[in-house]
Amino acid sequence: MKKVLIISTSLRLHANSRSLAEEFTRGAADAGNITEFISLSGRDIGFCVGCLACQDPEVQHCVIEDDANQITEKLAKADVVAFATPIYFYEMSGQLKTLLDRFNPLFPREYNFRDVYFLSTSADENSNSADRAVNGLKGWIECFPKAHLAGTVHAGGVDSPGDIKNHQALALAYKLGNSIH
């Protein structure tokens, strides 16, 4: 049994990427894992200002007081993390990139997460629509040598809220979450 943290970064109601995240969560829970689902909708997450105070061994947290600090602590304690994002202009959402930047306090600290999953949706139907975003996430993962990209699911051809309803990627997201042991 693992602690699985799922972070949905779309701010849109009835977001397609959130649906992927929910299926991944359901799969992980059905496999007997402890799951926690976080949506960034309604959260206050500011930009990293590059002060690097979080790198001080006596501080080890971001000096910006917002929701990113709580999410960072949850990530540090999770065994598995899944990020769900819509693809905008062939890249991850700004919300996800901002959050990844705010995870900077974890760089010098101990962290539990090993497996990182990436769930994405795009209006573009091409199977490579998420490649740049996946590469961006891989760059973040490189900063955490104990972690690795464990899997990805991409649903292309979904644009309007709810378009994902019968998409095959939902079953793939469930299966990927269900494979966590």
Assess the residue pair Phe113 and Leu75 against the criterion (side chain to side chain contact (heavy atoms under 4.5 Å, CB included)); give the C-alpha distance rounded to whole Å, side-chain angles, the decisive distance to 0.1 Å, and a yes or no.
CA-CA 7 Å; Phe113 63 93; Leu75 177 59; 3.8 Å; yes
Report yes if some heavy atom in the side chain of Thr35 is under 4.5 Å from a heavy atom in the side chain of Phe24; otherwise report no.
no
Let me see the working for Trp140 and Phe118 under ring pair (Phe, Tyr, Trp, His ring centres under 6.0 Å), right down to the final yes or no.
CA-CA 12 Å; Trp140 178 81; Phe118 188 72; over 10 Å; no
Say you draw a straight line from CG of Asp159 to CG of Asp124; how long is it, rounded to the nearest 0.5 Å?
10.5 Å
Same cluster (ILVMFWY, side-chain, under 4.5 Å), Leu170 and Val158
yes
Trace of the side chain to side chain contact (heavy atoms under 4.5 Å, CB included) decision for Asn104 with Leu52
CA-CA 8 Å; Asn104 203 28; Leu52 297 179; 3.5 Å; yes
Restricting to non-hydrogen atoms, name the atom on Met1 and the atom on Gly32 that form the minimum distance, rounded to 0.1 Å.
CG-O, 3.1 Å
Taking all non-hydrogen atoms of both residues into account, name the closest pair between Phe37 and Ala21 and its distance.
CE1-CB, 3.6 Å
Test of understanding: with side chain to side chain contact (heavy atoms under 4.5 Å, CB included), list the residues that count as partners of Ser93, not counting sequence neighbours.
Thr9, Thr85, Pro86, Tyr88, Gln95, Leu96
Same apolar cluster: Leu149 and Phe83, side chain cutoff 4.5 Å:
yes
What are the two closest non-hydrogen atoms of Leu20 and Ala169, and how far apart are they?
CD2-O, 3.4 Å
Quick one about Asn126 and Asn128 (side-chain donor to acceptor, distance below 3.5 Å, no hydrogens or angles considered), yes or no?
no
With rounding to the nearest 0.5 angstrom, report the CG to SG distance, Leu100 to Cys48.
11.5 Å
His167 side chain to Gly156 main-chain N or O, any donor-acceptor pair under 3.5 Å?
yes
Report yes or no: does Arg132 contribute a side-chain atom to a donor-acceptor pair with the main-chain N or O of Ala130 at less than 3.5 Å?
no
Given side chains that start at C-beta, do those of Cys54 and Val63 come closer than 4.5 Å, heavy atoms only?
no
Working to the nearest 0.5 angstrom, can you tell me the gap between Asp163 CG and Thr121 OG1?
9.5 Å
With sequence neighbours excluded, tell me which residues meet ring-ring contact (aromatic ring centres under 6.0 Å, His included) with Tyr90.
none
Nearest heavy-atom pair of Pro108 and Pro105: which atoms, and what distance?
CD-O, 3.3 Å
Distance from Leu176 atom CG to Tyr117 atom OH, nearest 0.5 Å?
5.0 Å
Can you tell if the side chain of Asn178 reaches within under 4.5 Å of the side chain of Lys175, non-hydrogen atoms only?
no
By salt bridge (charged side-chain N to carboxylate O under 4.0 Å, His left out), Asp30 pairs with (sequence neighbours left out) Arg26
Determine, using the 4.5 Å side-chain heavy-atom cutoff (strictly less than), whether Ile180 and Val153 are members of one ILVMFWY cluster.
yes
Residues passing the side chain to side chain contact (heavy atoms under 4.5 Å, CB included) test with Ile71, sequence neighbours excluded, are Ile7, Ile38, Leu40, Arg43, Ile45, Leu99, Phe103
Would the number of heavy atoms belonging to other residues, nucleotides or ligands and lying under 6.0 Å from NE2 of His14 be above 12?
no
Mark yes or no for whether Lys3, through its side chain, and Asp79, through its backbone, hold a donor-acceptor pair below 3.5 Å.
no
Looking at Arg18 and Glu23, is there a salt bridge between them, counting it only when a charged N and a carboxylate O are closer than 4.0 Å?
no
Quick one about His154 and Ser122 (side-chain donor to acceptor, distance below 3.5 Å, no hydrogens or angles considered), yes or no?
yes
Spell out, as yes or no, whether a donor-acceptor pair under 3.5 Å connects the side chain of Asn33 to the backbone of Ala28.
yes
Any link between Ile87 and Ile164 through a network of hydrophobic side chains (Ile, Leu, Val, Met, Phe, Trp, Tyr) touching at under 4.5 Å?
no
For the atom pair CE (Met92) and OG1 (Thr98), what is the distance rounded to the nearest 0.5 Å?
10.5 Å
For the residue pair Asp115 and Ala150, what are the closest heavy atoms and their distance?
CB-CB, 3.8 Å
So, Asn16 side chain and Ser160 main chain: donor-acceptor pair closer than 3.5 Å or not?
yes
Thinking salt bridges, do Lys74 and Glu36 make one under a 4.0 Å N-O criterion?
yes
With sequence neighbours left out, which residue pairs that include part of residues 52-68 fulfil the side-chain hydrogen bond (donor to acceptor under 3.5 Å, both in side chains) condition?
Asp66-Arg102
Would you say Pro161 and Leu13 make side-chain contact, with heavy atoms under 4.5 Å?
no
Between Lys77 and Glu110, is there a side-chain N and carboxylate O pair less than 4.0 Å apart?
no
Look at the aromatic rings of Phe107 and Phe144 and report parallel, tilted or perpendicular, splitting at 30° and 60°.
perpendicular
Return the minimal non-hydrogen interatomic distance between Ser179 and His181, and the atom names on each side.
O-CD2, 3.1 Å
One should read off an interatomic distance between Leu119 CG and Ser17 OG, to the nearest 0.5 angstrom, of 8.5 Å
side-chain hydrogen bond (donor to acceptor under 3.5 Å, both in side chains) against Lys97, all qualifying residues, sequence neighbours excluded
Asp101
Indicate if Val80 and Leu5 have the same hydrophobic cluster label, given that clusters are the connected sets of ILVMFWY residues with side-chain heavy-atom separations under 4.5 angstrom.
no
